[in-house]
Protein chains: 2
Amino acid sequence: MTNGKRQQKKEITRRAIVSAAVDLFSRNGYEKTSIEDLAKAAGIGKSTVYTYFKAKEEIFLAFCDEEFEYSFTALRDRVDAEAPLIEQLHALFMSQYEFVTSNREFGRILIRETLFPETVTSLAKESNQRYLDALGEILTHAKARGEIRPELDNFFLSAHFFMLYLGALSGFYTGYVTTTEDVGSGLRTLLNQALQGIAL
Amino acid sequence: MTNGKRQQKKEITRRAIVSAAVDLFSRNGYEKTSIEDLAKAAGIGKSTVYTYFKAKEEIFLAFCDEEFEYSFTALRDRVDAEAPLIEQLHALFMSQYEFVTSNREFGRILIRETLFPETVTSLAKESNQRYLDALGEILTHAKARGEIRPELDNFFLSAHFFMLYLGALSGFYTGYVTTTEDVGSGLRTLLNQALQGIAL
DNA sequence: CGATAAAGTCGAATCCGGTCGACTTTATCG
DNA sequence: CGATAAAGTCGACCGGATTCGACTTTATCG
């Protein structure tokens, strides 16, 4: 038990913090939950939280991991792999959209932190990478079916589609569109543009 | 002068705040500039600032209005209107990119506030609208030249291109790409995908 | 004008994220 | 074991954004 015990305890405390976050963020929202609240709920002192997380945002990302963990990949597996690419993408993104906006604040903060983080940290990048990888698989499959141009790079393709999804999401957050249907049809329009090409 | 005098004075004070913001934000950055600094520079009390702006972020948006106002439209006018669309877009976005990231902090906050605002406020939407309108003009011209499919809606086209620009920008902020050249070539790849179409 | 409401101003107080440095617990090793 | 280092814990503190409530100025109208 030389060092293992210490590690084990750390893991437990860490979980306690995340667990407190899941509870309190869900119940009272992110902004309304103070670090001290989390500490108290986790049964530790305020500044001990900072031994586990560099900043509040980082706790938020851990919270999202916990809450959204399987969402994307699980959704991807549920989507019919033989459907036309646009249908797969649309279904995938719309599920993700509904999930992310189930709590308006969370989606907003998640996007902010992962796409435009304050400091370049591996965390945000890692989070994005999961999305891009999941998309990449779908695209590889679509290439194999001969549905899309095989010479295009998966990374840029994934990024492209993801940004279109983000556009639809931003439309929601800025108030351009308010209903899920409108978000869906807007997204479809954008995906179509990308697939069919904009040039004559 | 029943009510006009009051209004007039308010306008002057408001300008003083924004002017102080332009000065101090540029010189010391956003985070490093406190509300009190702004108030002092504007010759008013700290909390009076809140009569004019609901939050510090709002002052930032006003600052951007002041600072970036001409940039986008001026750039657009400088771009060769007869060049291929991709060149026009690329030049426009890259100028915008350099401008926005001249201070890393500014671009990040601007995007956060305008694209994923905390509350649906006309401010953010208005700011975006200017971009989309400017893009719309370029697109209309490209349609007239027969370079792009005329049946596509300008709004969605503008949004599409703007999101690709944002993708390049996000790549910079997340650390996927670090040099301006890489941002430029990534953006070009994405624009090409959109124009040529991804589907076979 | 003078009373009264409305709008504006301000410094003090509050709240909260994050740092500091003293203190406690655990690991290491002679 | 006992000394010492390393790691972990904590509450006090700090800075800065935002709110509060008392006070001052301006507008309104009989």
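Every chain is numbered from 1 and lettered A, B, ... according to where its sequence line falls, protein lines coming before strand lines.
- The pair B/R188-B/E87 meets the salt-bridge criterion, with a side-chain N (NZ, NE, NH1 or NH2) lying under 4.0 Å from an Asp/Glu carboxylate O.
- Within 4.0 Å (heavy atoms only), B/Y52 reaches sugar-phosphate atoms of the nucleic acid but no base atom.
- Residue B/Y50 places no side-chain N or O under 4.0 Å from the OP1 or OP2 atom of D/dC20.
- Within the helix from C/dC1-D/dG30 to C/dG30-D/dC1, the inter-axis angle between the opening and closing five-pair segments is 10°, rounded to 10°.
- Nucleic acid contact for A/T48: base, since at least one base atom lies under 4.0 Å from a heavy atom of the residue.
- Looking at heavy-atom distances under 4.0 Å, B/T13 makes no contact with the nucleic acid at all.
- Taking the six-membered ring wherever Trp is involved, the centroid distance between the rings of A/Y30 and A/F63 does not fall below 6.0 Å.
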Cut-off 3.5 Å, no hydrogens considered: what does the side-chain donor-acceptor table look like for residues 193-200 of chain B, sequence neighbours left out?
{"unit_1": "B/Q193", "atom_1": "NE2", "unit_2": "A/F156", "atom_2": "O", "d": "3.4"}
{"unit_1": "B/Q193", "atom_1": "NE2", "unit_2": "A/H160", "atom_2": "ND1", "d": "2.9"}

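- Backbone-only engagement by A/A55 is indicated by non-hydrogen atom pairs under 4.0 Å involving sugar-phosphate atoms exclusively.
- For B/Y131 and B/Y165, the ring centers are positioned 6.0 Å apart or more.
- The A/I35 side chain lies nearest to C/dG17 when the options are D/dG16, C/dG17, C/dT9.
- Inter-residue side-chain proximity for A/R130 and A/D65 is flagged as met; some heavy-atom pair is nearer than 4.5 Å.
- For the OP1/OP2 pair of C/dG17 and a distance below 4.0 Å, the side-chain nitrogens and oxygens of A/K56 include at least one atom meeting the criterion.
- A cation-pi geometry, defined here as NZ or CZ lying under 6.0 Å from the six-membered ring centre and within 45° of its normal, holds between B/R104 and B/F172.
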